[in-house]
Amino acid sequence: MTGAETPAEHDCEQVLTRVYEFLDHELDEASGDAIRSHLAACEPCLDRFDVEQAVKALVSRCCGNDKAPDQLRSKVLLRISELSES
Ligand SMILES: [Zn+2]
């Protein structure tokens, strides 16, 4: 796919399912950029994106439990606030 596309409903679904990979740096740069720019342009996604849930999902994936270390938690929160500002 090429060119700039406006956010659409099906894009939102994709973004929300992949945003955890994005936060966990599992996506390549192009995919990460796509998600980042979608979230920056799409308020509904930011609203639906549950930060607490994202932190839990990341922690359970990398540490095997659902207690979020403060460091990871603040790292995720920082990334979200960066998105919200732009
Ligand atoms: Zn969206």
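Hydrogens, waters and symmetry mates are skipped; everything else that's a heavy atom, side chains included, is used. This is a predicted model, so every value here is computed, not measured. Counting begins at 1 with the first residue of the sequence.
I35 CD1 to T17 OG1: the interatomic distance, rounded to the nearest 0.5 Å, is 7.5 Å. Taking CZ of F22 as the reference point, atom CG of D28 lies at 12.0 Å (rounded to 0.5 Å).
By the 4.5 Å heavy-atom criterion applied to side chains, R36 and E82 are counted as neighbours. C42 places a side-chain heavy atom less than 4.5 Å from the side chain of C12.
Side chain of S31 to main chain of L27: no donor-acceptor pair is present (N/O by atom type, distance under 3.5 Å, no hydrogens or angles).
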